[in-house]
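A short write-up of the structure that comes next.
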Amino acid sequence: MSDLQDLNAPYDPFADVGEDDNGAQPTGYIHIRIQQRNGRKTVTTLQGLPKEYDAKKILKKFKKDFACNGTVVEVEEMGQVLQLSGDQRIKIAEFLVSEDIAKKSDIKIHGF
Amino acid sequence: MSDNERDPIQDPIEDEEELDFSSLKKKKKSKKKVDFEDELEQPSGTATPENEVNEDADEEDPEQMFADLKMKKKKKKTKTEDAPEAAEEGAAAGDEDLDFGELKKKKKKKKNMAEFEAELGDNGDGEDVFTGEATETAKAKDGEESWLNSDRDYTYSELLSRAFKTLRQNNPELAGEKKRYTIVPPSIHREGNKKTIFANVADIAKRMHRNPEHVIQFLFAELGTSGSVDGAQRLIIKGRFQQKQIENVLRHYIVDYVTCKTCKSPDTILHKDNRLYFVQCEACGSSRSVTAIKTGFKAQTKEDRRAAKRV
């Protein structure tokens, strides 16, 4: 299985080819996902935040701005992932764009 | 004024929703919204341009005009009544104000989402076929042989639009991008409290010429859940989902994995080559690679923890 993942990794540069001209985004896409919890509650996860940003500080800002709770989770394959309570997908995307952390085309919003 | 500028962008999106899945609910909703926009536009005196844009965008114009008339009448009435029953009127006005405020808020929230998505689409790959078309047609109407009345030379873009127009008129099947891609709306039922049944996955996948398994894999990855297929080829998804939400996910699927990026045709075939997925277009023959479906990070929920404990 580990072979499979290794093969997937060189596949990613295909996505990067188009982004070569902007250069600033070697990490590729930023994924924003939503996940259902019990009842009508949801969690939002932010994956692929560029390494040069301090996840904790950004999280702090998110928590303050969106009035929600959240944590930073360390995952081996994906590095640091931010988790926020509630559906904050649009707000996160807007924040990232307005702060020039990512381009709109690099942000992928998943979920319903 | 910025509101005004946004509206034309917004409308085609609503259209798209209607067109993709011809569900009645959607139509009603968008109609309501349009009416409300007119309401908003009236006080600022820019109702006419707004209406014109809408004329191009959708064919519900007569109704809109009715709505306009109604509003006007209402306003007149309130004005005439104003003098004799000042106190009552005040209360009524207050009510209206309240309504307005609420509606406005709702609208703004929704707009943000749709707008952002639209911008995403535009910036991304120009995948929003519908917005582009709408503006194009509007432009074409404006620039329709306007050089005939003046001394100036025709510009390139004018000639181009003219060429396309004649092409479309003479052989509609050739420039047949007008043919809309429609899919039956997903039929969603609830099973018990925590599961959702998606009854016609197989049918929808067949219409898209996709392997149902691929569609299901995408659904699970996007929704961040799991599930299974039952004996009657129905998909059982863990978690509660509404038809609208599933529609959204399917729409993303169509954009990502079905439509041809070159000619926008949905008539494509997905095949696997050297562990990579390729989409080959049946209409124009182009082929492109698409990313494999990847489930991203999944947050641990209470149930996961409970399940881990049990083992």
Side-chain angles (χ1 to χ4, degrees), chain A residues 3-12 14-15 17-18 28-48 70-71 73-85 87 89-94 96-98 103-112, chain B residues 109-127 188 193-194 196 218-219 221-225 237-253 256 274-277 288-304 306:
Chain A
D3 267 342
L4 247 180
Q5 242 146 27
D6 279 355
L7 277 168
N8 270 343
Y11 186 59
D12 254 346
F14 269 137
V17 168
Y29 289 121
I30 293 180
H31 297 274
I32 303 172
R33 292 197 175 77
I34 191 168
Q35 209 176 320
Q36 270 191 344
R37 271 182 56 211
N38 41 1
R40 48 175 295 180
K41 294 181 181 172
T42 49
V43 243
T44 311
T45 62
L46 169 66
Q47 176 198 326
T71 61
V73 186
E74 293 279 350
V75 191
E76 302 100 69
E77 312 103 69
M78 305 155 205
Q80 290 183 312
V81 176
L82 301 195
Q83 266 182 38
L84 295 166
S85 59
D87 181 1
R89 288 174 297 165
I90 307 298
K91 292 185 207 162
I92 290 178
E94 267 168 7
L96 292 179
V97 171
S98 66
K103 279 187 182 171
K104 243 172 215 168
S105 49
D106 294 336
I107 300 174
K108 285 214 163 169
I109 299 181
H110 299 264
F112 33 84
Chain B
K109 210 174 174 189
K110 231 203 136 187
K111 201 173 231 171
N112 263 344
M113 180 133 186
E115 191 195 324
F116 192 83
E117 288 218 326
E119 277 171 37
L120 258 184
D122 279 349
N123 274 12
D125 322 276
E127 68 210 8
I188 304 295
N193 208 10
K194 288 182 173 169
T196 310
F218 182 83
L219 278 171
E222 281 294 284
L223 297 172
T225 55
I237 311 169
K238 258 195 204 166
R240 297 184 201 182
F241 298 99
Q242 284 156 359
Q243 189 189 341
K244 212 172 85 192
Q245 298 172 321
I246 303 288
E247 268 178 31
N248 258 329
V249 177
L250 280 177
R251 203 168 290 137
H252 280 144
Y253 180 83
D256 284 349
N274 283 340
R275 294 189 187 177
L276 301 177
Y277 283 103
R288 70 182 172 101
S289 72
V290 289
T291 48
I293 298 170
K294 265 189 256 168
T295 14
F297 171 73
K298 252 191 195 173
Q300 208 184 25
T301 55
K302 215 178 207 170
E303 276 173 31
D304 293 340
R306 218 175 281 156

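Chain naming here is simple, since letters A, B, ... match the order of the sequence lines and numbering starts at 1 in each. Just so you know, these numbers come straight off a predicted model, no measurement behind them.
Interatomic distance, OG1 of B:T196 versus CD of A:Q36, reported as 7.5 Å (0.5 Å rounding). Between the CD1 atom of A:I34 and the CD atom of B:E222 there is a distance of 11.5 Å, given to the nearest 0.5 Å.
In plain terms, the two heavy atoms of B:K294 and A:R33 that are nearest each other are O-NH2, 4.2 Å.
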